[in-house]
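Shown next, in structure tokens, is the structure this report addresses.
Everything numeric in this text was worked out from a predicted model, so none of it was measured. When reading the values below, keep in mind they use all heavy atoms of this one structure, side chains included, and skip hydrogens, waters and symmetry mates.
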Amino acid sequence: RPKSFFNFSSTSIYKNSNGKYNEQSRLDPTFNNDFFYGLSKINSEYIFNNLLSNSNIRIVNLRVAQVLSNKMPKNRIYSIFQSQIKKNNKIEIYGNGKRTIPIIFLDELIKKVNLLLDSKFNGPINLGSENISINDLAKKVIKEIGNKKSKIIYIKNKDTFSNDFVVDFSLIKKIK
């Protein structure tokens with residue numbers, strides 16, 4: 001019989017709008033671009049919490065930020081930026097690049113999951129490294145694989161988000 005159950009959820013369960021979100025924040029992906037994904041993650045948390053509530057199983061809902069890795073699908077922002085630098089030595093950003101997103105690199109995610117496996121923590125927890133602007137993420141990619149001639153190009157778009165969507169990762173930092 002298992003003693004722990006780890007559910008990989010997502011920070012997509014929070015409303016992608018201005019604000020700071022912690023584990024007690026209202027879950028509301030209503031107007032997010034990935035609404036159905038966020039809704040499916042909320043439902044999985046509710047289902048597992050309900051089904052396992054009368055057991056002695058520790059339930060941990062890992063609310064994971066956007067995972068960055070060189071092995072991510074090509075349609076993810078980090079991969080797109082890498083591809084643009086390699087192909088044209090420039091990164092195109094829709095809007096002003098001020099929009100903030102929560103991120104975590106894959107190797108750090110693995111370390112944090114292992115930390116939680118060895119702990120007695122129970123409940124929902126946000127897992128991420130930092131909240132970063134799209135502009136700063138582009139600069140990070142340029143620093144990693146670009147050069148002095150690399151550029152960031154801003155493309156005006158009426159549908160551009162400029163939200164300060166900030167996820168609080170302080171709880172994971174307290175776990176030893």
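Of the possible polar contacts, one joining the Tyr14 side chain to the Asn22 backbone as a donor-acceptor pair under 3.5 Å is found. Judged by distance alone, the side chain of Asn131 and the main-chain N or O of Val167 form a donor-acceptor pair under 3.5 Å. Remark: side-chain polar atoms of Asn50 are not paired, donor with acceptor, to backbone N or O of Tyr46 under 3.5 angstrom. Proximity of a side-chain donor or acceptor of Asn122 to a complementary backbone N or O of Arg58 within less than 3.5 Å is not detected. A donor-acceptor pair under 3.5 Å links the side-chain atoms of Arg63 to the main chain of Glu23, judged by distance alone. In this structure, the side chain of Lys20 does not engage the main chain of Phe165 through any donor-acceptor pair within 3.5 Å. A donor-acceptor pair is defined here as one N or O able to donate and one able to accept, closer than 3.5 Å; no such pair exists between the side chain of Asp136 and the backbone of Ile132. Asn32 places a side-chain N or O within donor-acceptor distance of the main-chain N or O of Ser12, the cut-off being under 3.5 Å. Side chain of Asn126 to main chain of Asp168: a donor-acceptor pair is present (N/O by atom type, distance under 3.5 Å, no hydrogens or angles). A distance-only check finds a donor-acceptor pair linking the side chain of Ser79 to the backbone of Pro73 [under 3.5 Å].
Here Ile57 contributes atom CD1 and Ser4 contributes atom OG; the two are 8.5 Å apart, rounded to the nearest 0.5 Å. Taken to the nearest 0.5 Å, the OG atom of Ser119 stands 14.5 Å off from the NZ atom of Lys174. Annotation: the span from Ile172 atom CD1 to Ser129 atom OG amounts to 11.0 Å, rounded to 0.5 Å.
Using modelled atom types and a 3.5 Å distance limit, the side chains of Ser9 and Asn61 yield no donor-acceptor pair.
Inter-residue side-chain proximity for Pro2 and Phe6 is flagged as unmet; no heavy-atom pair is nearer than 4.5 Å. Under the 4.5 Å side-chain criterion, counting only non-hydrogen atoms from C-beta, Asn7 is not in contact with Lys41. Contact check for Val67 versus Val64: side-chain heavy atoms found under the 4.5 Å cut-off. Here the side chains of Leu127 and Val113 are in contact, with some heavy-atom distance below 4.5 Å. For the pair Tyr37/Ser10, a side-chain contact is recorded, criterion being any heavy-atom separation below 4.5 Å from C-beta on. Between Pro29 and Ile42, the closest side-chain pair of non-hydrogen atoms falls below 4.5 Å. Side-chain contact between Ile153 and Ile91: absent, with no pair of heavy atoms (C-beta onward) separated by less than 4.5 Å. Residues Ile77 and Met72 form no side-chain contact, since every pair of their non-hydrogen atoms from C-beta on lies 4.5 Å or further apart.
In the hydrophobic clustering of this structure, Leu27 does not group with Ile47; members are Ile, Leu, Val, Met, Phe, Trp, Tyr whose side-chain heavy atoms approach within less than 4.5 Å, directly or through other members. Criterion: ILVMFWY side-chain heavy atoms under 4.5 Å apart, direct or through other members. Under it, Tyr154 and Leu137 are part of a common hydrophobic cluster.
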Compile the donor-acceptor pairs under 3.5 Å between side chains in residues 81-88 and protein atoms, sequence neighbours left out, one pair per line.
unit_1: Gln82; atom_1: NE2; unit_2: Asn70; atom_2: OD1; d: 2.7
unit_1: Gln84; atom_1: OE1; unit_2: Glu92; atom_2: N; d: 2.9

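Glu108 meets the salt bridge (Lys or Arg N to Asp or Glu O under 4.0 Å) test with Lys112; sequence neighbours excluded.
Taking the six-membered ring where the residue is Trp, the centroids of Tyr78 and Phe105 are separated by under 6.0 Å.
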Open item on the list: side chain to side chain donor-acceptor pair (under 3.5 Å), that's the test. Do Asn33 and Asn16 meet it? Break it down for me.
Closed with: CA-CA 9 Å; Asn33 286 340; Asn16 190 352; over 6 Å; no

- [ ] Apply the test side-chain contact (heavy atoms from CB on, under 4.5 Å) to residues Glu130 and Ile103: give CA-CA distance (whole Å), side-chain angles for both, the deciding distance (0.1 Å), then the verdict.
- [x] CA-CA 6 Å; Glu130 64 181 304; Ile103 63 167; 3.7 Å; yes

